[in-house]
There are 2 protein chains.
Amino acid sequence: MRDQSIFAGLNPEELRSLSMEVEDIACHQGDVLYRMGDSARYAYTLRAGAVKLVKFMKNGQEVIIRLLHRGDLLGFEGMQEAHHRHGAIALAPSQLCRLDLAELQRLSERLPKVREAILQRWQQALQSSEDRIMELGAKRAEARLATFLLQWAEHYPQLRHLPFPLSRPDLAAFLGLSTEHVSRIMADFKRHAFIQEQRGQLEILAPQSLADIAGKLPDHKLD
Amino acid sequence: MRDQSIFAGLNPEELRSLSMEVEDIACHQGDVLYRMGDSARYAYTLRAGAVKLVKFMKNGQEVIIRLLHRGDLLGFEGMQEAHHRHGAIALAPSQLCRLDLAELQRLSERLPKVREAILQRWQQALQSSEDRIMELGAKRAEARLATFLLQWAEHYPQLRHLPFPLSRPDLAAFLGLSTEHVSRIMADFKRHAFIQEQRGQLEILAPQSLADIAGKLPDHKLD
DNA sequence: CGCCAGATTGAGGAATATCAAACAGAGTGG
DNA sequence: CCACTCTGTTTGATATTCCTCAATCTGGCG
């Protein structure tokens, strides 16, 4: 993909060569990797597929805290806290590497390179959370969705036949909107031929138009 | 405060004893510590006062990414990135310690304790960002504001005469609302005698009522 | 006293949620 | 191969939340 160093210090081969025990895991759509509050024994790297990190509000409403793609890390909060801070659920058939947190801890104390890699991703996570805060705090539904679609596409080399395993409720839980509203906007985007969708595949037809909407031009309504 | 270890590994005395150069800095309300995009030479610890980290949208709208209190760190993104990711502005007269990032880098490589301390705070920052995502994504204005007031109060030992240097636009920029809406809700809270406000000081009169609202009980309107 | 910036209030409108109903598509059993 | 059901999506009508714009108010300060 875009960044070969994406696994630097944390790719399975390298870790195994350091006598770290790395378990390969495959899971299907909907599988729960861990639940929020579970005591944290393992961390994971996502090798293929997609995973959502979720929390729930008191009333049971689900909120998606982060979406993970190939190369992302999850469960690493266990390096500092005893329990997982979110639930992790596979959105699509996925492959992961499971790392023992205790071993990882030791390794990271010995190897600056591993430390660096973890810190790097941590930084990325913080960055992306802050971006979300801006999106949620300052943009309207259309703009949020447009931004999201473009960002999603960035994780793939092409604009056509993108894997898109998110349901409408998932999108809603990520964007802070109602399912119906998301559905309406997606329909709008399709009517305007900005995107196309079929059986879990997405195609970005008019990235520029989406980018315009994502920028939230004032008074530039769809129509 | 609540947590004596809050400066662990990063209090000025300790750092100085490690032959780290630590510059004490005092600033007044409105002072800019650094701007977004500035090349990052220094990091800071906030010893007293309050600071906001801000970003701006293309249209110029300000968004407050994080609010910092006594003991918080800022500018540490400079350990991984060359430039500051946000602007930092003092909300009140504040005192800080300025640390040279290069020195800090060296120190953290040598001393696990310092590393630990930084990592700890990083985790906290991520945690609080994720909490914000939930707030912004799933709660209504009233609930957001109520939550915020209670969280603000948590940073002080008492519920009366809390320093509260935030303007209405500041609150709005933090909560993702319009100034007017914030003003209305604050007025509501005062009318219901949940809070009281005078000259930059806040008093929480009915923490439980605020907590109820923060929980966003359905159908439990103010009235 | 008069002035000014920030805060409040009001009225109207836009954005979004809610509730209910219709719809589409993938299995499934006949 | 065709209904039939089930789940997820779309659509519609309506209510609510929130924003915008304009006007008024307040408190500090020259």
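Given the structure is predicted, the values throughout are model-derived calculations rather than measurements. So that the names make sense, note that chain A is the first sequence line, chain B the second, and so on, each numbered from 1.
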Across the strands shown, which category fits T179(B) at heavy-atom distances under 4.0 angstrom: base, sugar-phosphate, nothing? nothing
Is the shortest side-chain N to carboxylate O distance from R168(A) to E197(A) below 4.0 Å? yes
So does R140(B) get a side-chain nitrogen or oxygen closer than 4.0 Å to the phosphate oxygens (OP1/OP2) of dT17(D)? yes
D170(B) atom CG is separated from dA5(C) atom P, nearest whole Å, by 17 Å
For H181(A) and dT9(D), what is the distance between atoms NE2 and P respectively, to the nearest whole Å? 17 Å
Among dT9(D), dT10(D), dT8(C), the nucleotide that comes nearest once only the side chain of P169(A) is considered: dT9(D)
Heavy-atom nearest nucleotide on DNA chain C for R199(A) versus E180(A): which residue maps closer to 5'? E180(A)
NZ/NE/NH1/NH2 to OD/OE distance under 4.0 Å, E203(B) and R160(B): yes
Shortest non-hydrogen separation from S94(A) to L46(A) and the atoms involved: CB-CD1, 4.0 Å
Integer-rounded Å distance: dG6(C) P and E197(B) CD: 15 Å
Parallel, tilted or perpendicular: which one describes the rings of W152(B) and F148(B), with boundaries at 30° and 60°? tilted
Using whole Å, what does the distance between atom C1' of nucleotide dA7(C) and atom CD1 of I185(B) come to? 15 Å
So does R184(B) reach the base of dG10(C) with its side chain, donor to acceptor, closer than 3.5 Å? yes
Would you check if F164(B) and L149(B) make a side-chain contact, meaning some heavy-atom pair closer than 4.5 Å? yes
Send over the distance from Q29(B) CD to dG28(D) C1', rounded to a whole Å. 14 Å
Under-4.0 Å side-chain N/O to phosphate OP1/OP2 contact, R191(A) with dT11(D): yes
R168(A) atom CZ is separated from dT16(C) atom P, nearest whole Å, by 17 Å
Rounded to the nearest Å, what distance is computed from the CG atom of residue L177(A) to the C1' atom of nucleotide dT18(C)? 14 Å
M186(A) CE - dT11(D) C1' separation (whole Å): 16 Å
